[in-house]
Amino acid sequence: MAGAETFASLGLSDAVGDDQPDGGGSETPRVLRLQTPYMRGEDVRELQSALVRNNFYPDRHGPNGGVDGVFGPKTEDAVRRYQMMNGLKVDGIAGPATLASLNLTSANDRKEDEVRQPRRVLRLQTPYMRGEDVRELQSALVKSHFYPDRSAASYGIDGIYGPKTSGAVRRYQIMHGLKVDGIAGPETFKSLRL
């Protein structure tokens, strides 16, 4: 079960259940849900974009995959599908646990450029690159449904940048309009929100 320790080790904010009330302050994101009139705003657009990045389109056939800043029935359905596939409470409400799982945090937590250290570029080489940064990349790929090795334990999350990880990076790059080279550099990290 992905609890507070798991979220912390993944670099995600502490998560509480989606059924927890919204803090209401500007420090925490608002809980997004289907209501009348529909909720609208940049936070809804960010949620929809995160769902698209994770291949849970609010409207696969609509403009921009359904990213329109309006939390309607199709967005609620995309949230439900995401929750179901990620072991979250399936209620169609984008509350703290769902937002944390999608790596969406409050504006105060988004000062990533100020605290992030430059990452090394990860690529296939001999000997294979190894490390926690490779494991973090592999975990992000799995979370986005681009498995380094679907049939292996932990879907190939082993901290070794081998041919299967390079292949997963290539598939991710193809699907996200990035330069397809199998190298995890700044643009790929940015797209994966690493």
Side-chain angles (χ1 to χ4, degrees), residues 1-116 136-137 139-146 172 175-178 186-194:
M1 185 167 92
E5 288 179 14
T6 304
F7 281 106
S9 82
L10 290 169
L12 301 173
S13 64
D14 290 338
V16 294
D18 278 346
D19 57 348
Q20 296 297 315
D22 178 22
S26 60
E27 298 285 322
T28 57
R30 68 178 171 156
V31 173
L32 301 173
R33 66 184 72 190
L34 184 61
Q35 65 181 34
T36 305
Y38 295 154
M39 296 179 88
R40 298 172 179 267
E42 190 56 35
D43 53 350
V44 176
R45 186 177 301 279
E46 287 178 20
L47 168 67
Q48 292 170 327
S49 295
L51 289 165
V52 168
R53 278 193 303 276
N54 286 279
N55 298 314
F56 292 90
Y57 299 84
D59 186 355
R60 184 177 291 277
H61 303 292
N64 298 322
V67 177
D68 60 6
V70 180
F71 197 107
K74 291 182 179 180
T75 299
E76 181 192 38
D77 178 64
V79 170
R80 284 181 184 277
R81 287 183 281 118
Y82 177 83
Q83 290 169 330
M84 187 180 312
M85 295 302 294
N86 288 278
L88 299 166
K89 178 181 176 186
V90 181
D91 57 9
I93 298 170
T98 300
L99 295 173
S101 176
L102 285 164
N103 203 22
L104 296 174
T105 57
S106 70
N108 290 340
D109 293 336
R110 284 191 214 130
K111 298 177 182 169
E112 25 190 82
D113 296 332
E114 296 174 22
V115 293
R116 285 238 165 103
E136 186 179 352
L137 168 69
S139 296
L141 288 166
V142 167
K143 185 176 175 185
S144 298
H145 306 288
F146 292 88
Y172 180 87
M175 294 300 293
H176 290 85
L178 301 169
E187 290 303 312
T188 301
F189 286 130
K190 181 179 179 183
S191 177
L192 283 164
R193 297 181 67 94
L194 292 174

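If you're wondering where the values come from, they're calculated on a predicted model, not measured in any experiment.
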Got a second to check how far [X]'s [atom1] is from [Y]'s [atom2], nearest 0.5 Å?
{"X": "Ile93", "Y": "Arg33", "atom1": "CD1", "atom2": "CZ", "result": "4.5 Å"}
{"X": "Leu47", "Y": "Thr98", "atom1": "CG", "atom2": "OG1", "result": "8.5 Å"}
{"X": "Asp43", "Y": "Gln48", "atom1": "CG", "atom2": "CD", "result": "10.0 Å"}

What's the shortest heavy-atom distance between [X] and [Y], and which atoms?
{"X": "Asp91", "Y": "Glu76", "result": "O-OE2, 4.3 Å"}
{"X": "Gly92", "Y": "Val79", "result": "C-CG1, 3.6 Å"}
{"X": "Met39", "Y": "Val44", "result": "O-CG2, 4.0 Å"}
{"X": "Leu34", "Y": "Gly72", "result": "CD1-C, 3.5 Å"}
{"X": "Gly66", "Y": "Pro58", "result": "O-CB, 3.9 Å"}
{"X": "Gly65", "Y": "Val52", "result": "O-CG2, 4.0 Å"}

For [X], salt bridge (charged side-chain N to carboxylate O under 4.0 Å, His left out) partners two or more places apart:
{"X": "Arg81", "value": "Asp77"}
{"X": "Asp59", "value": "Lys74"}
{"X": "Arg60", "value": "none"}

(message) Measuring only between side-chain heavy atoms, which start at C-beta, is Leu104 closer than 4.5 Å to Arg193?
(response)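 Sidechains of Arg193 and Leu104: in contact.
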(message) Applying side-chain contact (heavy atoms from CB on, under 4.5 Å), can you list everything that pairs with Asn54, at least two apart in sequence or on another chain?
(response)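 If we apply the side-chain contact (heavy atoms from CB on, under 4.5 Å) test to Asn54, skipping adjacent residues, the hits are Phe56, Tyr82, Leu102, Lys143, Ser144.
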(request) Could you tell me which residues satisfy side-chain contact (heavy atoms from CB on, under 4.5 Å) with Val70, sequence neighbours excluded, listed by chain and number? (result)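 By the side-chain contact (heavy atoms from CB on, under 4.5 Å) rule, Val70 matches Tyr38, Arg40, Asp68.
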(request) Start with the C-alpha gap between Leu192 and Leu141, add the side-chain angles, then the distance that decides, and say whether side-chain contact (heavy atoms from CB on, under 4.5 Å) holds. (result) CA-CA 8 Å; Leu192 283 164; Leu141 288 166; 4.2 Å; yes
(message) Salt bridge or not between Glu42 and Arg45? Use side-chain N to carboxylate O under 4.0 Å.
(response)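 A salt bridge is present here (some side-chain N lies under 4.0 Å from a carboxylate O).
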(request) Please identify each residue that fulfils side chain to side chain donor-acceptor pair (under 3.5 Å) with His145, with sequence neighbours left out. (result)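 Scan of His145 (side chain to side chain donor-acceptor pair (under 3.5 Å), adjacent residues dropped) gives Tyr147.
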(message) Going by ring pair (Phe, Tyr, Trp, His ring centres under 6.0 Å), name the residues that satisfy it together with Tyr57, two or more places apart in sequence or in a different chain.
(response)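 Counting only residues at least two positions away or on another chain, Tyr57 forms no ring pair (Phe, Tyr, Trp, His ring centres under 6.0 Å).
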